[in-house]
Protein chains: 2
Amino acid sequence: MQDLSPQQTAQNGIDEAVVSSILSARIRPGTRLSENQLAALFDVSRTRVREAMMRLEARGIVNVSPRRGWFVVEPSAEEAMTVYDARRVIEAGLLRTMSRLTETGRTVLNTHLADEKAAIAAGDRQRLTCLMGDFHIRIAELAGNAILVDILRDLTARTILISMLYQSDFHAMQSHLGHCSIVAAMEEGDFQKAAALSVEHLDEVETGLDLTRRPDPLADLRHSLSLPPQTVAPSSKASRKAKP
Amino acid sequence: MQDLSPQQTAQNGIDEAVVSSILSARIRPGTRLSENQLAALFDVSRTRVREAMMRLEARGIVNVSPRRGWFVVEPSAEEAMTVYDARRVIEAGLLRTMSRLTETGRTVLNTHLADEKAAIAAGDRQRLTCLMGDFHIRIAELAGNAILVDILRDLTARTILISMLYQSDFHAMQSHLGHCSIVAAMEEGDFQKAAALSVEHLDEVETGLDLTRRPDPLADLRHSLSLPPQTVAPSSKASRKAKP
DNA sequence: GCGACAAATCTTGCATACAAGGCGAGCAAG
DNA sequence: CTTGCTCGCCTTGTATGCAAGATTTGTCGC
């Protein structure tokens, strides 16, 4: 468990600290979230940690294995497809309902694209992950529907977890170009095209996943020890049972 | 607080008991959900009731007024529009991604339409409300996306609360005919048309609302004094802070 | 050395106790 | 009759304690 920037976000902040840690890829799928440790970090009792976990569970961000602990979800390949499917439905549906791009909207999106470009240039992968997810949330924000924004935020969090599990390598530039063309279509006022491009973009990203790859049960330990990811097939006795 | 059919759904069932009570219009918006009473009804301690409330809060079904109690949400007119907007986006998006109707799907939908017709004939309004909401969930189920089903179920719950607040009278037959034409389009295999009809249908229903009707008799005074609409605090999800 | 068993040590699950604050009844004063 | 005040009841907020189960570790027999 890495830093979750405790303190200031103390009050109702446990939820958001976890979510934003996921959104910026600072926390891996399958990470154990110990009630005691979180309670200590945020200087509250387990009760409040538990409440936060319940809320996150309802949002599909964590799940609990009875009497074992809370874990950041590790979406299965099937769930991964479901998430991408849901995003295609919502994002395309959203773009199709939009009819014009306000001036400030144009500015927001272009600024965002510039940020993405900067992050690519700087090779800041963590920031890039965050930005790539944020792009889609930004669009929902432009549409002005708070409910859809919340839904997409949670789906984006899951998407990031999925990519940490299954993404072989990160075609940042390809994604960035996808975003650029979506924005271009929006600037043309052609939102049908933007919707189609959005579907295509999500298809591309999903295709880039290796959904046959079984999640590595040792991933977090490996990560903590800064070992190279999955060099060879795990030795015989490393096989642990899948989580429920 | 009416019957929530306790007992059998005991384990994790408080959440679902509340939701299904809303879905079948057995519980009104603004209803107070006392922790003690629920605890007594389900024969558990307040702890578990509280956990259920936390989850429901995250789903936008209830909210808490500090030290006063938990209440079934009373969507404002603005929130009502947002909910309908979100449903239009998702349901139309969903239909547009569908390409064919399976045989069992056809059966399910036609059975459902028959049920609606029967409920209309019987004048069973409560059952009708339930069925009218369920129709849209059924479609999502046909599409086979569990995430969207969950999302739509929660949105449907909110929709029902909205109609209890703002619906002057229930044009059941009109809604039923809307459903019929959507199914007809699906049977033709014309899902673009089905999507368009779905949007139209939701527009119709929304238009049938009297969103000027204030659930709050003090609304005028409140407005005159420039106080925030509705006494309830903004939903927890509404106050998300920016990401890192 | 190695596998099986058992105890120790964590973990969450759940209930309860107490604290903090809202709300209304009742009362007094104007 | 209305207004202002106080007290007591009732609500949620939060912490803590203990029980139940899972995991790990240590140990024994082989």
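Quantities reported herein were computed from a predicted structural model and do not represent experimental measurements. Here is how names work: the chains are called A, B, and so on, in the same order as the sequence lines, proteins then strands, and each is numbered from 1.
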Could a donor-acceptor pair under 3.5 angstrom be found where the side chain of A:Arg67 meets the base of D:dA20?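 Check passes, donor-acceptor contact within cut-off.
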Can you tell whether the side chains of A:Arg59 and A:Glu16 come within less than 4.0 Å, N to carboxylate O?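 Salt bridge between A:Arg59 and A:Glu16, a charged N being under 4.0 Å from a carboxylate O: yes.
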Are any of the side-chain nitrogens in B:Arg88 or B:Glu206 under 4.0 Å away from the carboxylate oxygens of its partner?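 Between B:Glu206 and B:Arg88 there is a salt bridge, with a charged N closer than 4.0 Å to a carboxylate O.
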Is it true that a side-chain atom of [X] and a backbone atom of [Y] form a donor plus acceptor pair closer than 3.5 Å?
X: A:Ser175; Y: A:Ala172; result: no
X: A:Glu79; Y: A:Ser76; result: yes
X: B:His112; Y: B:Arg138; result: no

Return no unless some side-chain N or O of [X] is found under 4.0 Å from OP1 or OP2 of [N].
X: B:Asn36; N: D:dC10; answer: no
X: A:Arg68; N: D:dG21; answer: no
X: B:Ser45; N: C:dA15; answer: yes

Nearest to side-chain heavy atoms of B:Val64, which nucleotide of D:dT12, D:dG17, C:dT11: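 From the listed options, D:dT12 comes nearest.
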Looking only at side-chain atoms of A:Arg32, point me to the closest of D:dA15, C:dA15, C:dT12.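 Ranking D:dA15, C:dA15, C:dT12 by closest atom to the A:Arg32 side chain puts C:dT12 first.
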May I have the distance from [X] (atom [atom1]) to [N] (atom [atom2]), rounded to whole angstrom?
X: B:Asn63; N: D:dT12; atom1: CG; atom2: P; value: 13 Å
X: B:Leu33; N: D:dC10; atom1: CG; atom2: P; value: 20 Å
X: A:Arg46; N: C:dA15; atom1: CZ; atom2: P; value: 14 Å
X: A:Phe71; N: C:dT11; atom1: CZ; atom2: P; value: 11 Å
X: A:Glu51; N: C:dC14; atom1: CD; atom2: P; value: 15 Å
X: B:Trp70; N: C:dG22; atom1: CH2; atom2: P; value: 17 Å
X: B:Phe42; N: C:dC14; atom1: CZ; atom2: P; value: 15 Å

Taking the nucleotide of DNA chain D with the closest heavy atom to each, which residue, B:Glu35 or B:Thr47, is nearer the 5' end?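 Its nearest nucleotide lies further toward 5', so the answer is B:Glu35.
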